[in-house]
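So you know, we letter chains A, B, ... as the sequences are listed, proteins then strands, and number each from 1. Values in this document were obtained by computation on a predicted structure and should not be read as measured data.
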2 protein chains.
Amino acid sequence: MPREEVVERLLTVFRDRGYDGASLAELSEATGLGKSSLYHYFPGGKEEMAGAVIAHLNEWLWVHALEPLTQPGAPARRIQRMVEALDECYAGGKNACVLGNMVVGAGRQIFQRELRKSFGAWIDALAKVLADAGQPPKQARERAEDAVIRIEGALILAGGLGEPTPFRRLLKRLPHDLLAD
Amino acid sequence: MPREEVVERLLTVFRDRGYDGASLAELSEATGLGKSSLYHYFPGGKEEMAGAVIAHLNEWLWVHALEPLTQPGAPARRIQRMVEALDECYAGGKNACVLGNMVVGAGRQIFQRELRKSFGAWIDALAKVLADAGQPPKQARERAEDAVIRIEGALILAGGLGEPTPFRRLLKRLPHDLLAD
DNA sequence: GTCTATAATAGGATAGAC
DNA sequence: GTCTATCCTATTATAGAC
């Protein structure tokens, strides 16, 4: 099995259980690999597995959600691309956010640097497209930050309520709110 | 030590570590009680401890943040009361949200009912004050939900970035955004 | 590369003395 | 009520055969 496939299966476990809640037993079951095989792929153990998952997610996020924000075209169109990518990534609000879940417990300390970088890149990319839309830099940054806040918060609320509707509602109004006068 | 004091100390551990990350060793250390003493207070073990923590937080949230929303007075003033309470509860963004962290991992299944009730009550109380301010019911509900989303999301982002500023910025603009035309 | 077996430790929980 | 001591299981991780 290609390493990327392994990482994608590990991702589902960290996404659903968080860093502390993800056990090697479940990681093994999700990949179909024995524990020792996992250590062959990731000598650093669980920490390295989670690191690979975060790196993989960052790559996905960049290619499918952030890079489209930097492409030529109308800002509204570019933002719509990101929204569609997020809708797929989070399965319309049924999936939790790996980054958001990593903030909890031991993951927070271990991956502080990566989390900072991931959230920072996200905000940067959004601020840029809003600046392209003619918004003053400070407003663009504040709204970009607010968008990430809302996405993460909507996934938390969807998880807490046990229904994805808050996230779906958010995605629907997000492009308008970002570009409103 | 009064039970309430014990629960408050347990709360700090679940808040910082999440449900899966909170170990009996740390819960014991935080309270200054041996494991057996904890089981004297909470025969149901860790699950009962976390349940007591959630109940305690709900009580605090109601008394300090939600009940003021229902009091007579100008909506803007009432909302300001809630904001001040949240600022204290989350230490200006330095503390995580117990409810938000409980959504991750095993806590999500175990406390689904409680989480649903907590978030629901919060949204209800906010929607009510916005309706009092003259907003149509649907708009009041959507904005109330959005406020909870933003609060939870801002705490996640603050945790991920390692700095409380996103939360502080959010609290500052929240009253205006809720009551805007 | 993947497996079985096993170590070593940490986890949640209980018994029983005081 | 609180402690010490202990139990059992799950957990992370490694060794070594194939």
Self-check item: Spacing of A/Leu155 atom CG and B/Ile149 atom CD1 [to the nearest 0.5 Å]
Solution: 9.0 Å

Exercise. Look at the rings of B/Tyr19 and B/Phe111 and say which category their plane angle falls in: under 30° parallel, 30 to 60° tilted, over 60° perpendicular.
Key: perpendicular

Quiz item: Distance from A/Leu66 atom CG to A/Glu59 atom CD, nearest 0.5 Å?
Solution: 11.0 Å

Quiz item: About how many Å separate CD1 of A/Ile151 and CG of A/Leu86, when rounded to the nearest 0.5 Å?
Solution: 5.0 Å

Quiz item: In a check of salt bridge (Lys or Arg N to Asp or Glu O under 4.0 Å) between A/Glu145 and each of B/Arg169, B/Arg168, B/Arg150, which one passes?
Solution: B/Arg169

Self-check item: For atom CG of A/Leu33 and atom P of C/dT4, their distance in whole Å
Solution: 12 Å

Quiz item: Taking it one step at a time, do B/Glu88 and B/Trp60 satisfy side chain to side chain contact (heavy atoms under 4.5 Å, CB included)?
Solution: CA-CA 11 Å; B/Glu88 185 198 336; B/Trp60 194 98; 4.3 Å; yes

Practice problem: Sugar-phosphate atoms are those with a prime plus P, OP1 and OP2; base atoms are the rest. Using that split, label each nucleotide of nucleotides 13-18 of chain C B, S or - for protein heavy atoms under 4.0 Å, 5' to 3'. | Solution: BBB---

Exercise. Take atom CG of A/Asp20 and atom P of C/dA10, then tell me their distance rounded to the nearest Å.
Key: 15 Å

Quiz item: A/Arg17 CZ to D/dT12 P: how many Å, rounded?
Solution: 13 Å

Self-check item: Whole angstrom value for the distance that separates P of C/dG11 from CD of B/Glu29
Solution: 12 Å

Quiz prompt | Whole-Å distance separating the CG atom of A/Leu27 from the P atom of D/dA13 | solution = 11 Å

Self-check item: Base-pair map of DNA chain C as dot-bracket, where | denotes pairing with a different strand and pairs are Watson-Crick or G-U under 3.5 Å
Solution: ||||||||||.|||||||

Report each atom pair, protein N/O against N/O of nucleotides 7-9 of chain C, whose distance is under 3.5 angstrom.
none

Quiz prompt | Sequence neighbours excluded - salt bridge (Lys or Arg N to Asp or Glu O under 4.0 Å) pairs with any residue from residues 25-37 of chain B | solution = B/Arg17-B/Glu26

Quiz item: Has the side chain of B/Arg15 got a donor or acceptor atom that lies under 3.5 Å from a matching backbone atom of B/Ala96?
Solution: no

Quiz prompt | Residue pair A/Pro68 / A/Met82, side-chain heavy-atom distance below 4.5 Å | solution = no

Quiz item: In residues 2-12 of chain B, what residues come within less than 4.0 Å of DNA chain D, judged by heavy atoms?
Solution: none

Practice problem: Give A/Ser37 one of three labels, base, sugar-phosphate or nothing, depending on what nucleic acid heavy atoms sit under 4.0 Å from its own. | Solution: base

Practice problem: Could you check A/Lys117, A/Arg141, A/Arg116 and say which one makes a salt bridge (Lys or Arg N to Asp or Glu O under 4.0 Å) with A/Asp124? | Solution: A/Arg141

Taking distance alone, no hydrogens or angles, what donor-acceptor pairs closer than 3.5 Å link side-chain atoms of residues 47-56 of chain A to residues at least two apart or in another chain?
unit_1: A/Glu48; atom_1: OE1; unit_2: A/Gly44; atom_2: N; d: 2.5
unit_1: A/His56; atom_1: NE2; unit_2: A/Glu8; atom_2: OE2; d: 3.4

